[in-house]
Amino acid sequence: IQCWLCYDSENSTLNHRYWQNHNYSVKKVVIPDTVINIGDAFFSALDGVEELQIPASVKNGSDRCFIGMESLKEVTFLGAVTYLSGFRDCLKLEKVCIIGSVTLISIASFDNCTSLKSFKVLGNLGGEIHGITGGIGKAFKNCTSLEEFVFPKEADDFKIYSSAFEGCTSLKSITLP
């Protein structure tokens, strides 16, 4: 099914009211590069989405914009992310890839994403190497399938708190700069 994303052009924020009759038929969502913010609970009615592609124009998502997406398996951010949050209880999420940098990964961002196996921040955008600043605390709590966590080549003043990977019983590899 072709999916049209509706957004408020005044503040470039996605609006979630238009999904009502397509919640299981939409499998992949590619957000247009005119969007800067993703509104609260935007994807809450899209239970069939398996893959999200988020453009470099999106810098922020609300704390609840992705929570509980039943079928979500893969998320790709095509640019830098200022604030990463809101994937809590996405039980089928397996892979997150960020092609740019991350400023902050919020507390409980990926809490209980029990199928998450790989989280990578590639940090290379337009030929420039971008680092990570900020910190993570309990961000990946109970991601029991998480095996691989990859940081970019440069990580500037980044803190990982001791609780960040609490309950990640399958973690085999953390790649640091």
Side-chain angles (χ1 to χ4, degrees), residues 19 23-31 38 40-55 58 60-125 130-155 158-177:
W19 301 117
N23 61 334
Y24 281 101
S25 55
V26 176
K27 298 295 180 195
K28 179 178 180 178
V29 174
V30 178
I31 297 172
I38 300 173
D40 198 36
F42 177 72
F43 291 102
S44 64
L46 278 177
D47 297 326
V49 172
E50 296 175 1
E51 184 179 349
L52 285 175
Q53 184 173 321
I54 301 171
V58 173
N60 296 300
S62 77
D63 284 331
R64 301 181 320 166
C65 57
F66 308 104
I67 286 178
M69 290 182 71
E70 292 179 6
S71 302
L72 185 62
K73 293 180 182 178
E74 183 175 338
V75 178
T76 303
F77 291 88
L78 299 175
V81 179
T82 303
Y83 181 73
L84 185 58
S85 181
F87 289 93
R88 184 180 189 158
D89 296 323
C90 291
L91 301 178
K92 293 184 180 180
L93 182 62
E94 297 175 0
K95 179 181 176 184
V96 176
C97 182
I98 302 169
I99 311 284
S101 61
V102 177
T103 302
L104 176 67
I105 301 173
S106 176
I107 291 174
S109 295
F110 296 92
D111 193 9
N112 293 321
C113 291
T114 55
S115 297
L116 184 63
K117 293 180 183 176
S118 176
F119 184 92
K120 294 182 181 181
V121 179
L122 301 180
N124 190 344
L125 182 64
H130 295 267
I132 298 180
T133 59
I136 53 177
K138 293 190 179 183
F140 298 92
K141 184 179 177 185
N142 296 325
C143 291
T144 55
S145 297
L146 185 63
E147 297 175 356
E148 175 183 41
F149 187 87
V150 178
F151 274 45
K153 293 178 183 176
E154 293 181 8
F158 192 73
K159 297 173 184 83
I160 301 175
Y161 298 98
S162 61
S163 59
F165 298 102
E166 185 179 313
C168 296
T169 55
S170 299
L171 191 58
K172 297 177 185 174
S173 172
I174 297 177
T175 303
L176 301 172

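- Side-chain atoms of Val96 and Phe110, non-hydrogen and from C-beta on, do get closer than 4.5 Å to each other.
- Atom CG of Leu78 and atom CD1 of Ile99 lie 6.0 Å apart (nearest 0.5 Å).
- Within the 3.5 Å criterion, the main-chain N or O of Glu50 finds no donor-acceptor partner in the side chain of Ser71.
- The distance from the CG atom of Leu72 to the NZ atom of Lys95 is 13.0 Å, given to the nearest 0.5 Å.
- Pairing each heavy atom of Ser85 with each of Ser109, the nearest pair is CA-OG, 3.6 Å.
- The minimum heavy-atom distance between Leu122 and Cys97, with the atom names listed, is CD1-SG, 3.7 Å.
- Here the side chains of Leu116 and Phe87 are not in contact, with every heavy-atom distance at 4.5 Å or above.
- For the pair Ser115 (side chain) and Leu91 (backbone), a donor-acceptor distance under 3.5 Å is present.
- Rounding to the nearest 0.5 Å places NZ of Lys73 at 10.5 Å from CD of Glu51.
- Across Glu70 and Lys92, no two heavy atoms sit closer than the pair O-CD, 3.3 Å.
- Taking a cutoff of 4.0 Å between a charged side-chain nitrogen and a carboxylate oxygen, Arg88 and Asp111 qualify as a salt bridge.
- Partners of Glu147 by salt bridge (Lys or Arg N to Asp or Glu O under 4.0 Å), not counting sequence neighbours: none found.
- Annotation: ring pair (Phe, Tyr, Trp, His ring centres under 6.0 Å) contacts involving residues 90-109, sequence neighbours excluded, are absent.
- Summarising the geometry, atom SG belonging to Cys113 is positioned 11.5 Å from atom CE belonging to Met69; distances are rounded to the nearest 0.5 Å.
- The two residues Phe66 and Cys90 have their closest heavy-atom pair at O-SG, 3.2 Å.
- Within the model, atoms CG of Leu52 and SG of Cys65 stand 9.0 Å from one another, a figure rounded to the nearest 0.5 Å.
- Using modelled atom types and a 3.5 Å distance limit, the side chains of Glu148 and Ser173 yield no donor-acceptor pair.
- Between Val121 and Phe149 the shortest side-chain heavy-atom distance does not fall below 4.5 Å.
- The CD1 atom of Ile98 sits 12.5 Å away from the NZ atom of Lys120 when rounded to the nearest 0.5 Å.
- A donor-acceptor pair is defined here as one N or O able to donate and one able to accept, closer than 3.5 Å; such a pair exists between the side chain of Ser170 and the backbone of Thr144.
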